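The basis for the numbers below is simple: all heavy atoms, side chains too, and nothing from hydrogens, waters or symmetry mates. Quantities reported herein were computed from a predicted structural model and do not represent experimental measurements.
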Amino acid sequence: MGFILKESDLPEYEKDIDHKGLLTALGDRHDESIRTGEHIYNNICFNCHGNPEQVGSIPTAFKFWEDKFKVGKDPYSIYQTLTRGYGSMPPQVNLTPVEKYDIINYLRETYLQKDSSERYFEIDSTYLASLPSGTTTGPAPKEFKPWAEMDYGNFLINTYELVGLNAPERERSSGPSPLPDENLNKANFAYKGIAVRLNPGEGGVAAGDAWMMFDHDLMRVAGAWTGEGFIDWQAILFNGSHNISPRTSGDLHFENPVAPAWANPNSGKFDDPRFTARDKRKFGPLPREWAHYKGLYQYRDRVIISYTVGKVEILETFGLETLDGQPVFTRTLNISPSEKPLKMRIAPSGTAVALLGEGAVLKDQDGFIALELVPSQSLKIKLLIAKPALKELNQYAKTSSQPEDLNQLVRGGPARYPQKLTTEVLKGNQEGPFQVDIMNPPFDSPWKNQFRLSGLDFFKDTNKGVICSTDGDVWLVEGFTKNSGELTWQRIASGMFQPLGIKVINEEIFVTCRDQLVRLHDFNGDMETDFYESFNNDHQVTDHFHEFAMGLQADKEGNLYYAKSARHAREALVPQHGTLIKVSKDGLKTEIIATGFRAANGVCLNPDGTFIVTDQEGHWNPMNRINWVKKGGFYGNMFGYNPPADSTETGMELPLVWVERDRDQSPSELLWVDSKKWGPLNGKLLNFSYGYGKIFIVPFEKIGDQVQGGIFELPIPRFSTGVMRGRFNPGDEQLYLCGLSAWGSTQPQLGGLYRIRKVDQPMHIPIGIKASTQGIELSFTDELDQVSVSQIANYTIKTWDLLRSRKYGSKHYNDQILTVTKAELGKDKKSIQLTIPDIKPTWGMEIQYRIKDDDGKDLEGLIQNTIHQLGDGHLVLK
């Protein structure tokens, strides 16, 4: 039959499966079965098979909506294919029998029953009686939790709430927007928490059973805990939960409050000087002259934190020992010479603490056990910390190992991810001017990575690039321009906090994370990161799920730019919420360039030094926005920090275009075309669609200080994942895209990488738009047919208004259809002048055309645009 696995290769339980019982049970759990089957298909099968709207990554893979089954169309036969594999279809060894019938149920109802009775098999009592009726249904299905199964490495940076056993339920506000602030002053949030696994073993931080949390805003150990499960995974980029941050799972052995761990070296006081938000919580890092996080070294599975207190350099690492079967947490500190006395709070009074090393003493004061250091030469200190019940800790300390020299661990070590993974490049052969090559990542990696790709850039050797994923990784990828048909993937960094932008500057790798801008350092030439340098950690991070740090661009001077989203359905707590941010080229200064964004997905740096930042439909955003950003501008989100008093359109900068939700649910980053191979599109502006997996050209014009224009979807099939970032490779001058699906994209695949090749065919794409008191002028890439252009019946123009308010989005108001009284082809045969007597400024306009090219081929297209001013100086729409 062509099966891959023999009967003898199957697990023993497969020989005694109750197929009749499993199929019969589907009737009782129909809805649950369909949901489960859909989930499995989208996360496991879609990548290869696709769906009717989107081609899968393997063009020859079975198309459930049209192909005929080779083994059999009945459920039991399909089950055999899933179980044993057939042809190029591998056996699905990770699926249980229940899950296999769930996916069969989903496929039958979704693709077979609806569109082909010839391929749909009716299940009746005769068929059921013919099936094997064994005594088992196999192993119980395991809940699909890729976020918990991934090997993140031995540390993972995130925002965490530290709680002990039997913690009370989270307080979560509800009601009309803006949602009220919860009272979280007593909650122990590590807003920039570095969770470090302490016990040895494979599987990374999530597979451990003992951890310590370092908060690099405050240079404090926030706490230590043991147990199963690491955290509860409640977060938008873990299990998809909104409006929540993950909590620690297990027994919290000790914790420290959200306050500075080290006293101010100048005053000796612990008073927290940081920004105080409306809810009385404090956010952001301590002043640099007090304490500053420099970064994180990794040596094998050891994590070494580097920071300063005043002018004193400190290296710190964590460990785990046991006393009478109970865990003892250790902190080892190497401290450079100090001219001033220093003081650090270790744990609340009553905690068992012991000290090894000279030049320091422990004191119980003000409710804490504190470490005091006198002015001295270099020190090596080891602290042992345990629950109060371990009274004999000081006696045990006499047998514990002495504090080690951490300088031996900050010079690089052996590779943690030595495997290089290979994937096939599937070259496109589509009709039209664009070919799409699918360059999927190694979804079957040994570390179970999700590959939700969020940024890419290239080195001077353009065959090599780096790609980051929002799950914390950076990958070195080779094979872009040598066209060997394969890519090689090497994992070179891990454990970072939601990377959503990456940039190579002078062959150095910079990554935008939610807690910091990171510069990656490799000390021993294996390309793996040995030091995660905190290039800038001025980020003000709260517990809110929505405040992503998006994109990364650099100007000619080396200054860096990224966008920070605001809180969803809530008013801002910190000045950085909903802003475009500039970081100086030395990383020492942060400046807010513009404000008023809601969910700004990335940054485009324009040739004139301005920026483009997209935003998403929501509260105070009646529709998606593409914003041409000026320094000091406010872009409409009245839930932002310190908004203007004027909440009307007069009080904000207007967008280049209000993007209709039917065109794109969620625009991401824009990119200027930098490729001679792209012909008349060279120098034009592209917009990527996270929501629908599309690419748009953005024709625009500037009247006075106002930029206005529209979007036109390029003739490229939708990608199987939302498109986040793109770069033109200087080596082959083609466009490379990466994307992910995490926050509400309609596209089912978790992540993807693509190359768009422009081939030598005419495009007939509108690349220019001008609005005047007479009408609209459209410019195209190629010549058009004069007869069809001149027929006014070939155009349909609609306009509508929107209502901007605190409510989410807006419906259409004042819908109109405008009459075209004349249509003329320009002398260049590439432009169309539409005479529209009733034209006026409008929030939304849709221009549909049905014309022919100069060879008589039919062309249909749709431009969606916004008009703020007309060419003779009509007032801006307010």
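Screening F155, F214, Y297 against I305 for a side-chain contact (heavy atoms from CB on, under 4.5 Å) leaves a single residue, F214. Checking K186, R281, R220 one by one against V258, the side-chain contact (heavy atoms from CB on, under 4.5 Å) holds for a single residue, R220. Here the rule is side-chain contact (heavy atoms from CB on, under 4.5 Å) with F318, and of V221, T330, T332 only V221 fits it. Results of the salt bridge (Lys or Arg N to Asp or Glu O under 4.0 Å) test with K192 over D217, D543, D538 single out D217 as the only residue that passes.
In this structure, H577 and F639 have side chains that are not in contact, with every pair of non-hydrogen atoms separated by 4.5 Å or more.
Aromatic ring orientation, H568 versus H546: tilted (interplanar angle from 30° to 60°). Taking the six-membered ring where the residue is Trp, F523 and F531 present parallel rings, their angle staying beneath 30° rather than reaching 60°.
Side chains of H521 and D530: a donor-acceptor N/O pair is absent below 3.5 angstrom, by distance only. Remark: the R519 side chain and the S534 side chain contain no N/O donor-acceptor pair separated by less than 3.5 Å. Remark: the R570 side chain and the N243 side chain contain an N/O donor-acceptor pair separated by less than 3.5 Å. For the residue pair T276 / K282, a side-chain donor-acceptor distance below 3.5 Å is found, with atom types taken as modelled. For E528 and Y417, the side-chain atoms include no donor-acceptor pair closer than 3.5 Å.
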- Query: Would D301 and R416 satisfy salt bridge (charged side-chain N to carboxylate O under 4.0 Å, His left out), going step by step from the backbone distance to the final call?
  - Reply: CA-CA 8 Å; D301 284 337; R416 296 175 297 282; over 6 Å; no
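The pair E313-K294 meets the salt-bridge criterion, since a charged nitrogen lies less than 4.0 angstrom from a carboxylate oxygen. Between R247 and D232 no salt bridge is recorded (no basic side-chain N to carboxylate O distance below 4.0 Å). Using a 4.0 Å cut-off between charged side-chain N and carboxylate O, R172 and E182 make no salt bridge.
A centroid separation of 6.0 Å or more is found between the aromatic rings of Y191 and H539. Under the 6.0 Å cut-off for aromatic ring centres, Y307 and H292 do not qualify, their centroids lying 6.0 Å or more apart.
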